[in-house]
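Data first, discussion second: the structure below is written as structure tokens.
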Amino acid sequence: MHYNYKYRLTPPEALEEELLYHVDTCRQLYNHVLHLLNEADNIPARYEVQGRLPDLKSWWNDLGDVHSKVLQMVVKRVYDNLSTLKAQKENGHTVGMLKWKPPREYRSLTYNQSGFELKNTSGRPTLWLSKIGEIPIRLHRDIPENATIKQVAVKREPTGEWYATFGIDVDEDTPEKPQNPERVVGIDVGILKYAHDTDGYAIESPNFSEERERLERAQRDLTRKEHGSTNWEKQRQIVAECHADLKRKRRDFLHKLSNYYAREYDLVAVEDLDAKGLIELPGNSRNRAGAAWGTFLRMLEYKCERKETHFVVVDPKNTTKECASCGVKTEKPLWVREHSCPSCGFEADRDANAAWNIRSRGLEDIGVGYSESTPVETALPTDTNLVSAKRVVETGSPTLKERTASAVSE
């Protein structure tokens, strides 16, 4: 199985200058390859362009200072971007042409298969990169012993911090998932409540209002600086740090929540959301983007794969309208937060009803069928004040906060 492990690098000043030199050389090669492709009548194959690199070194001396595999990955990067544009065009999107990369938009280089080594000399771990040297690295977690490091991507973040991302292959058998899952949950995501599951838990969306206000103040101050001046660069650094702080806190929440569901259940059913399409809808786009539903679902998918848990995505159509008890559709505007079925009388929280429909569809997709328990038992969140539906709360059972606190962010 393939995983990515990310670590912080702390290069001294001399090595940082060398890294920046290598990154800038790769940026210039990227622009050169893009120019060749734009001038060509027919786009040549990637390996044909890579075969020209030795000849380029004869008149472009800077290329000789960079490892050959790194240069090959630059060419691959150009062709990967072209493939992305082609796929978007085939999907009906209007696309333009690839643009040349300015220094600020090209901040990484990749060693593939060779040219790197992870060392541990006298208890001081370092990452050796060919033609650069040994860079101190913070190994906050060990790489599995049965893992093979396939490539290393070194990147400089806008904050000025350097990180190394290891692409590793772990030699392990694919875990077998339970044929008859017992612990099953359906999850409905939203904005007012980030997630509402069929166990009656409603997870509040994280409050990042202070972080956003701090970011907005920093951005306003940046607009008052003269672009390119020393004060502007200092303020740009502050803005980048605010962005990084907000991103870290959001991903920490998503990691812990996804790890909780992947670890505690045998089957997790979610909606097949078009997160990008939802963000492009008019109104409330900022909250939709901040919710990061797509990131949450991707995290949940790979964590379920590691924990031998079924991960099922279902069609989200009518999950809110259909009654989880009898299946009758009931139209309800967005401001109506409760489900009340005119056919069978079943009443529940709007999101809880959707979660039960997601759970049922997930069971159908893997051929298990409906669960013996009825949605009425846990249709409402445990903190709701409504009493129109029966609630089952186990005495002495840990709260969601207590259960997620023990989850390890992965």
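For this chain, numbers begin at 1 and follow the sequence in order.
The shortest heavy-atom contact between Gly190 and Ser205 is O-OG, 4.4 Å. Summarising the geometry of Cys26 relative to Val70, their closest heavy-atom pair is SG-CG1, 3.5 Å, with the distance given to 0.1 Å. The heavy-atom pair separating Pro44 from Leu37 by the smallest distance is CD-CD2, 3.7 Å. Closest of all the heavy-atom pairs between Arg359 and Ala269 is CA-CB, 4.2 Å. A pairwise comparison of heavy atoms in Leu85 and Val95 identifies O-CG1, 3.9 Å as the closest pair. Nearest heavy atoms, Thr223 versus Arg220: OG1-O, 2.6 Å.
Classification of the Tyr111-Phe116 ring pair by plane angle, with boundaries at 30° and 60°, yields perpendicular. In this pair, Tyr7 and His140 present their aromatic rings tilted. The plane angle is within the 30 to 60° band. Relative orientation of the Tyr5 and Tyr3 rings is perpendicular, given thresholds of 30° and 60° on the angle between their planes. Ring pair Phe296/Tyr261 is perpendicular by interplanar angle, where above 60° counts as perpendicular and below 30° as parallel.
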Inset, instruction - Let me see the working for Tyr163 and Val154 under side-chain contact (heavy atoms from CB on, under 4.5 Å), right down to the final yes or no. - result: CA-CA 6 Å; Tyr163 288 91; Val154 179; over 6 Å; no

Inset, instruction - I would like to know whether Ser209 and Asn207 meet side chain to side chain donor-acceptor pair (under 3.5 Å); could you show each step before the answer? - result: CA-CA 6 Å; Ser209 57; Asn207 183 10; 2.9 Å; yes

Legend entry - From CA spacing to verdict: side-chain contact (heavy atoms from CB on, under 4.5 Å), Gln50, Tyr47: CA-CA 5 Å; Gln50 290 181 185; Tyr47 293 103; 3.6 Å; yes

Inset, instruction - Starting from the C-alpha separation in whole Å, work towards a yes-or-no answer on side-chain contact (heavy atoms from CB on, under 4.5 Å) for Val189 and Val270. - result: CA-CA 8 Å; Val189 295; Val270 297; over 6 Å; no

Legend entry - Verdict with supporting geometry, Leu300 and Val268, side-chain contact (heavy atoms from CB on, under 4.5 Å): CA-CA 9 Å; Leu300 188 58; Val268 178; 3.7 Å; yes

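In this structure the side chain of Glu17 never reaches within 4.5 angstrom of the side chain of Pro11, judged on heavy atoms. Counting only heavy atoms from C-beta outward, the side chains of Phe311 and Tyr265 never approach each other to under 4.5 Å. For the pair Glu211 and Leu215, the minimum side-chain heavy-atom distance is 4.5 Å or more. Taking the side chain as every heavy atom from C-beta outward, Val152 and Thr165 never approach each other to under 4.5 Å. Between His35 and Trp100 there is a side-chain heavy-atom pair separated by less than 4.5 Å. Side-chain contact between Glu322 and Lys329 is present, with heavy atoms from C-beta onward closer than 4.5 Å. Considering only heavy atoms from C-beta on, Glu271 stays 4.5 Å or farther from Leu297 through its side chain. Between Ile238 and Leu222, every side-chain heavy-atom pair lies at or beyond the 4.5 Å cut-off.
Asp266 places a side-chain N or O within donor-acceptor distance of the main-chain N or O of Glu182, the cut-off being under 3.5 Å. Without hydrogens or angle criteria, His2 side chain to Ile168 main chain gives a donor-acceptor distance under 3.5 Å. Arg156 contributes no side-chain N or O that, together with a main-chain N or O of Arg107, makes up a donor-acceptor pair within less than 3.5 Å. With hydrogens and angles ignored, the 3.5 Å screen pairs a side-chain donor or acceptor of Asp197 with a backbone N or O of Asp199. Under the 3.5 Å distance criterion, the side-chain polar atoms of Arg214 are left unmatched by any main-chain donor or acceptor of Cys242. Thr319 contributes no side-chain N or O that, together with a main-chain N or O of Ile358, makes up a donor-acceptor pair within less than 3.5 Å. Side chain of Asp188 to backbone of Ala352: no donor-acceptor contact under 3.5 angstrom is found. Distance alone, capped at 3.5 Å, places no donor-acceptor pair between the Arg212 side chain and the Leu246 backbone. In this structure a side-chain-to-backbone donor-acceptor pair under 3.5 Å is missing from Glu204 to Tyr194.
Separation of atoms CG (Asn357) and OG1 (Thr198) is listed at 11.0 Å; rounding is to 0.5 Å. The structure places CD of Glu241 at 11.5 Å from NE2 of His243, a figure rounded to the nearest 0.5 Å. To the nearest 0.5 Å, atoms CG (Asp169) and CD (Gln151) are separated by 10.0 Å. A distance of 11.0 Å separates CG in Leu9 from CD in Glu161, rounded to the nearest 0.5 Å. Rounding to the nearest 0.5 angstrom, the gap separating the NE2 atom in His93 from the CD atom in Glu90 is 11.5 Å. Note: Ile143 CD1 to Thr148 OG1 = 10.5 Å, rounded to the nearest 0.5 Å.
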Can you give each donor-acceptor pair under 3.5 Å made by side-chain atoms of residues 124-139, sequence neighbours left out, with the distance rounded to 0.1 Å?
| from | atom 1 | to | atom 2 | distance (Å) |
| --- | --- | --- | --- | --- |
| Lys131 | NZ | Gly64 | O | 2.7 |
| Glu134 | OE2 | Lys119 | NZ | 3.0 |

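More than 12 heavy atoms of other residues, nucleotides or ligands sit less than 6.0 Å from atom OH of Tyr21. Within 6.0 Å of atom CD in Glu145, 12 or fewer heavy atoms from other residues, nucleotides or ligands are found, so the atom counts as exposed in its surroundings. Counting heavy atoms of neighbouring residues, nucleotides and ligands inside a 6.0 Å radius, atom NZ of Lys225 exceeds 12 of them. Surrounding CG of Asp142 are at most 12 heavy atoms belonging to other residues, nucleotides or ligands under 6.0 Å away. Heavy atoms from other residues, nucleotides or ligands lying under 6.0 Å from NZ of Lys101 number more than 12.
We find that Glu301 and Arg298 are not joined by a salt bridge, their nearest charged nitrogen and carboxylate oxygen being 4.0 Å or further apart. Ion pairing of Asp252 with Lys256 is present here, as a side-chain N (NZ or NE/NH1/NH2) and a carboxylate O approach within less than 4.0 Å. Look at Lys249 and Glu210 and you find no salt bridge, because none of the NZ, NE, NH1 or NH2 atoms lies under 4.0 Å from a carboxylate O. Looking at Glu157 and Lys6, a side-chain N of the basic residue comes within less than 4.0 Å of a carboxylate O on the acidic one, giving a salt bridge.
A donor-acceptor pair shorter than 3.5 Å cannot be found between the side chains of Asn231 and Ser229. If you check the side chains of Asn81 and Tyr30, you find a donor sitting under 3.5 Å from an acceptor. Under the 3.5 Å distance criterion, with hydrogens and angles disregarded, a donor-acceptor pair is assigned to the side chains of Gln28 and Asp24. Side-chain contact, Asn4 with Tyr302: no donor N or O sits under 3.5 Å from an acceptor N or O.
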